[in-house]
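All remarks here apply to the structure that follows.
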Amino acid sequence: DTEVTQTPKHLVMGMTNKKSLKCEQHMGHRAMYWYKQKAKKPPELMFVYSYEKLSINESVPSRFSPECPNSSLLNLHLHALQPEDSALYLCASSPGTSGGWEQYFGPGTRLTVT
Amino acid sequence: AQKITQTQPGMFVQEKEAVTLDCTYDTSDPSYGLFWYKQPSSGEMIFLIYQGSYDQQNATEGRYSLNFQKARKSANLVISASQLGDSAMYFCAMGNAGGTSYGKLTFGQGTILTVHP
């Protein structure tokens, strides 16, 4: 099973709202990722968690706050977003540094900030 | 710095024919991996195939094969017997195995493939 699940599928939020995106995998992977993708562009890496520790933060604004409660779950907390943050947010996982590094992606959350 | 170049913004192919999507890369690291992903209009990125820099043989997965030419720094994706469901955006990506770069994929700009009946 190479499934990564993400909820919600769609999210509309105002600039003063606080919301969270959720991601889950049960493949025993030890690395998890958040990407942001604009239409017809490649995904842009935001954060990498490796063995539940934040290992890469690609200079993402603090209005995006990641959290990795355990090895299967990854959250992205959103606060005071801007309209330009509207995008497809993709979660991915990979085995970890002791295994392969092909990443498996979830279906994404389409976020609209009004 | 790593760089991936996909020079074909769009490609068209007739159903049941083969198609090659181009990808060239640039890196100074001796150990790296090359990946191809498919992204249909639904948005999900689907992992297709992987080639390691030290792999002697070209990777194959069903109708997908990766034409790896290390000296030319190219990693073209070949799709045989195209199907209508192959219509999608295709991304080439490169990454490194370990250290602080683990997990950091560099993506190309993508190629939109359209399969005609």
Side-chain angles (χ1 to χ4, degrees), chain A residues 2-6 8-11 23 25 27 29-51 53-59 66 68 74 87-111, chain B residues 1-6 8-10 21 23 25 29 31-55 59 61 64 66 75 88-114:
Chain A
T2 55
E3 187 177 70
V4 177
T5 59
Q6 288 187 244
K9 290 193 188 315
H10 300 273
L11 179 63
C23 174
Q25 58 87 14
M27 295 179 277
H29 287 174
R30 302 310 301 272
M32 296 186 76
Y33 311 79
W34 281 115
Y35 289 87
K36 172 184 177 181
Q37 187 180 25
K38 292 284 201 178
K40 300 196 188 308
K41 295 291 186 184
E44 300 170 27
L45 182 65
M46 300 174 72
F47 303 104
V48 180
Y49 273 84
S50 181
Y51 294 84
K53 290 190 183 344
L54 184 65
S55 60
I56 296 177
N57 176 344
E58 291 287 86
S59 302
C68 189
L74 186 66
L88 179 68
Y89 287 83
L90 292 162
C91 173
S93 71
S94 67
T97 51
S98 60
W101 71 92
E102 64 274 16
Q103 295 182 22
Y104 295 91
F105 285 78
T109 294
R110 291 195 185 272
L111 173 67
Chain B
Q2 298 183 329
K3 186 177 179 181
I4 292 279
T5 303
Q6 294 180 254
Q8 306 155 315
L21 305 184
C23 173
Y25 62 92
D29 292 314
S31 178
Y32 53 88
L34 295 155
F35 307 81
W36 277 93
Y37 286 87
K38 171 186 178 182
Q39 188 173 39
S41 56
S42 60
E44 183 171 0
M45 294 275 286
I46 302 167
F47 167 66
L48 295 178
I49 197 166
Y50 158 78
Q51 179 86 41
S53 59
Y54 294 118
D55 293 343
E61 289 287 347
Y64 305 107
L66 201 153
M89 173 78 92
Y90 288 80
F91 289 102
C92 179
M94 176 169 61
N96 294 102
T100 57
S101 296
Y102 178 83
K104 203 163 178 176
L105 293 183
T106 301
F107 285 87
Q109 290 300 304
T111 295
I112 298 175
L113 176 66
T114 304

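In what follows, chains are A, B, ... by sequence order, proteins preceding strands, each numbered from 1. In this text the structure is predicted, and so the values were computed from the model without any measurement.
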Side chain / backbone / both / neither for A/E44 at chain B, heavy atoms under 4.5 Å: neither
For the CD atom of A/Q37 and the CZ atom of B/F91, what is their distance to the nearest 0.5 Å? 5.0 Å
Between A/P42 and B/G108, what is the shortest heavy-atom contact and its length? CB-O, 3.3 Å
State, with a plain yes or no, whether a side-chain heavy atom of A/Q103 is found less than 4.5 Å away from one of B/M45. no
Counting only heavy atoms not in B/K3 (residues, nucleotides, ligands), do more than 12 fall under 6.0 Å from its NZ? no
Below 4.5 Å from any heavy atom of chain A, which atoms of B/M89 appear? Answer side chain, backbone, both or neither. side chain
Partners meeting side chain to side chain contact (heavy atoms under 4.5 Å, CB included) with A/E102 (sequence neighbours left out): A/Y104, B/F35, B/F47
Could you check if a side-chain atom of B/K104 sits within less than 4.5 angstrom of a side-chain atom of A/V48, using non-hydrogen atoms only? no
The interface call for A/Q6 against chain B, heavy-atom contacts under 4.5 Å, is neither
Given 3.5 Å as the limit, does a donor-acceptor pair link the side chain of B/Y50 with the main chain of A/W101, or not? no
